[in-house]
Number of protein chains: 2
Amino acid sequence: MPQPTRLQQDLAERIVQLVNDDGLAIGALLNENSLARRLEVSRTPVRGALQHLEEQGIVARRPNRGVELIAIPQKNLASAPPPDDDEEWLVRIARDHRAGSLPQDISEIEVMRRYGLNRPAVQRVLSRLADLEMVERKPGYGWRFLTGTRDRATHDESYRFRLMVEPMGILEASFRLDPSWIEMMRRLHGDTLERHWHESSSVAFFEMNAAFHEGLAAASGNRFVHAAIRHQNQLRRFSQYDWKFGFERVVVNCREHLEMLDYLARDEREIASLLMRRHLERASQVRSE
Amino acid sequence: MPQPTRLQQDLAERIVQLVNDDGLAIGALLNENSLARRLEVSRTPVRGALQHLEEQGIVARRPNRGVELIAIPQKNLASAPPPDDDEEWLVRIARDHRAGSLPQDISEIEVMRRYGLNRPAVQRVLSRLADLEMVERKPGYGWRFLTGTRDRATHDESYRFRLMVEPMGILEASFRLDPSWIEMMRRLHGDTLERHWHESSSVAFFEMNAAFHEGLAAASGNRFVHAAIRHQNQLRRFSQYDWKFGFERVVVNCREHLEMLDYLARDEREIASLLMRRHLERASQVRSE
DNA sequence: TATTGTATTTCATCATGACAGAATACAATC
DNA sequence: GATTGTATTCTGTCATGATGAAATACAATA
């Protein structure tokens, strides 16, 4: 009981979500069986999640009767994406390599030694870096970083690719955008514009940016469009996490996003699509200056 | 020495490739060191590959002097893609599931038992099926097949996606197509049209088709376009391997490909791009009849 | 009877060691 | 001196068993 599992944490969040969606009031009784059924897991991890919520004072066990809701939980910050355990290692290794503190060619054992990771973890991390085309297996043993010719060309190709997919995604017949999503995005962008700007906000800014583009890709109703953009975001995450945006760039970006949201709210998708095209073209030139 | 490694097989093929590229004649001496350097591996696997070639009567060892080329090897069939070891299992599992002989939800151990695979192999295979969105991890333990709603919608979304990417790829400024590739493709398509058609040719036909689209994607000079189409091919490979094409469909397909090749040979890319668009639109309707 | 409490079984991950193949170094031969 | 032959070291994969968590079955209680 000291450390809730990742599954248990996720379930706890999803239970909070269910409570909100169902509009339950204080005093309502939950029960493990129906939760387990709705969440498609067994009772065991649900118990763990409930215990976790109990420690937070959100529910209280009523022996043999159920679990009473004793406080309405408020959802955490707007859809904080659950940070993957391996992810921090991805970022760290990518950064270390860029800083030149890693050799161009490296074996799995060397990575294990340097970072104190076990082998399965190293293999997961390297596989994911390979998916992002940041490393590749060497023919014999070991791995090789690909960041030689990569950065310059990749940046352009990424934008060229997104220019093919994102504006068209908005025009798909299956495009459906949740109005509440638009509202949430508007609020996030408004906040970013008004809040005082720190260098340290660049990660948050990146994530908002990524969420905007991914959300529209998801709305296209085409899983391949969505998957492609998610992949692009993942790719950019590492090369841009410690990229220092000037505030002017942030302002321009938010304004362009807000403009698109305005048109999308009125279902003016042709215009939004054009704006997306121009937005990407402009953004692609930022770095190459 | 009974079984050459996969790496050794690959090296043997690449050595043959080098011999052809360099235009070496019978009697020429190869040496392990320079081959190892050019192939970016150590001498050990090169030795294995040479031994393999020796058994085929292509080279002969001259102790302490080198390895003599005693027969000009002819390249195997046009770019036969080295069939991945796991791949047959992917196909088999996908097929078994479609045939209904696998449960909707399944654990890794169950897969190990049914197919007599070891755990790492099962994990590789399931991961790849997950990349193709054919299965997903269940929250707790086990995996779930996604082929419920999948097939119908996926087919359409796949073509919608390719319609965004493939015609545009041809128009990219970085587009470069190797004339010899065009020639090879023409020959392949011509052969397919003339040869008598068997049901059993459908795999070969699929692969030619895939190679055509992948080749054009690669020519775009954009790695994301290329990766996206490779992914689409992989996806289609499983749902279409035992799809029975009527011969009329094969004829139409080849004619359309050949027409595109004609325009591409003259660098008439706008027209080729339009033809690609119509080709995909037409192909997308075949199955939904 | 509905629900939680408890015990048992099953599963996936990790740790460890064995093994085959690749990398490397050095000896032998022309 | 260049090349192959041979030995040694290093690396990654597989096999096995231990461990913790999830799934499942059954008992207990309101």
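Not measured: the values here are computed from a predicted model. Each chain gets a letter, A, B and so on, in the order the sequences are listed, and its residues count up from 1.
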### Message
Under the criterion side chain to side chain contact (heavy atoms under 4.5 Å, CB included), I'd like the reasoning laid out for A/Arg236 against A/His155: C-alpha separation, chi angles, the key distance, then a yes or no.
### Response
CA-CA 9 Å; A/Arg236 292 153 44 76; A/His155 176 266; 5.9 Å; no

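Judged by distance alone, with hydrogens and angles left aside, the side-chain atoms of B/Thr5 form no donor-acceptor pair with the main-chain N or O of B/Leu7 at under 3.5 Å. For A/Gln104 (side chain) and A/Phe145 (main-chain N/O), a donor-acceptor pair under 3.5 Å exists by modelled atom type. Judged purely by atom type and a 3.5 angstrom limit, A/Asp96 has no side-chain atom pairing as donor or acceptor with the backbone of A/Ser101.
Considering only residues two or more places apart in sequence or on other chains, A/Glu110 meets the side-chain contact (heavy atoms from CB on, under 4.5 Å) condition with A/Ile106, A/Ser107, A/Arg113, A/Arg114. Every ring pair (Phe, Tyr, Trp, His ring centres under 6.0 Å) that B/Trp89 has, sequence neighbours left out, goes to B/Tyr115.
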### Summary
For nucleotides 24-30 of chain D, 5' to 3', base contacts (B), sugar-phosphate-only contacts (S) and non-contacts (-) with protein non-hydrogen atoms under 4.0 Å give BB---S-

### Task
If a protein heavy atom is under 4.0 Å from the base, mark B; if only from the sugar-phosphate, S; if neither, -; do that for nucleotides 14-20 of chain D going 5' to 3'.
SS----B

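When each of B/Leu7 and B/Ile106 is assigned the nucleotide of DNA chain C bearing its nearest heavy atom, the one mapping closer to the 5' terminus is B/Ile106.
Of the side-chain N and O atoms in A/Arg47, none sit less than 4.0 angstrom from OP1 or OP2 of D/dA22. Dashed line: the shortest gap from a side-chain N or O of A/Arg61 to OP1 or OP2 of C/dG5 is under 4.0 Å. Regarding contacts with the backbone of C/dT13, a side-chain N or O of B/Arg137 is found under 4.0 angstrom from either OP1 or OP2. Applying the 4.0 Å criterion to OP1 and OP2 of C/dA22, one finds that B/Thr5 has a side-chain N or O inside that range.
Note: CD (B/Gln8) to C1' (C/dA22) measures 9 Å, nearest angstrom. In this structure, CZ of A/Arg6 is placed 19 Å from P of C/dA12, rounded to the nearest angstrom. In this structure, B/Ile109 places its CD1 atom 11 Å from C1' of C/dT13, rounding to the nearest Å. Counting to the nearest Å, the P atom of C/dC14 and the CD atom of B/Glu108 are 12 Å from each other. At whole-Å resolution of the value, NZ in A/Lys138 and C1' in D/dC10 are 12 Å apart. Remark: P of C/dA12 and CE of B/Met112 are 9 Å apart, rounded to the nearest angstrom. Separating the CG atom of A/Leu117 from the C1' atom of C/dC14 is a distance of 13 Å, rounded to the nearest angstrom. Counting to the nearest Å, the P atom of D/dT4 and the CD atom of B/Glu68 are 13 Å from each other.
Atom CG in A/Leu126 sits 8.0 Å away from atom CD in A/Gln123 (nearest 0.5 Å). Here A/His97 contributes atom NE2 and A/Ile93 contributes atom CD1; the two are 11.5 Å apart, rounded to the nearest 0.5 Å.
At a threshold of 4.5 Å between non-hydrogen side-chain atoms, the residues B/Arg43 and B/Arg47 count as touching. A/Val111 has its side chain out of reach of A/Leu102: every pair of non-hydrogen atoms, C-beta onward, lies at least 4.5 Å apart.
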For residues 56-67 of chain A, please give each side-chain donor-acceptor pair under 3.5 Å, one per line with the distance, not counting sequence neighbours.
{"unit_1": "A/Arg61", "atom_1": "NH2", "unit_2": "A/Glu32", "atom_2": "OE2", "d": "2.4"}
{"unit_1": "A/Arg62", "atom_1": "NE", "unit_2": "A/Glu68", "atom_2": "OE1", "d": "2.7"}
{"unit_1": "A/Arg62", "atom_1": "NH2", "unit_2": "A/Glu68", "atom_2": "OE1", "d": "3.2"}

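A salt bridge links A/Asp22 to A/Arg38: one of the charged nitrogens lies within less than 4.0 Å of a carboxylate oxygen.
Here A/Gly142 lies in heavy-atom contact (under 4.0 Å) with sugar-phosphate atoms only.
At a non-hydrogen distance threshold of 4.0 Å, A/Leu30, A/Asn31, A/Glu32, A/Asn33 from residues 24-37 of chain A come into contact with DNA chain C.
Side-chain atoms of B/Pro45 lie closest to C/dA22 of the nucleotides D/dT13, D/dA22, C/dA22.
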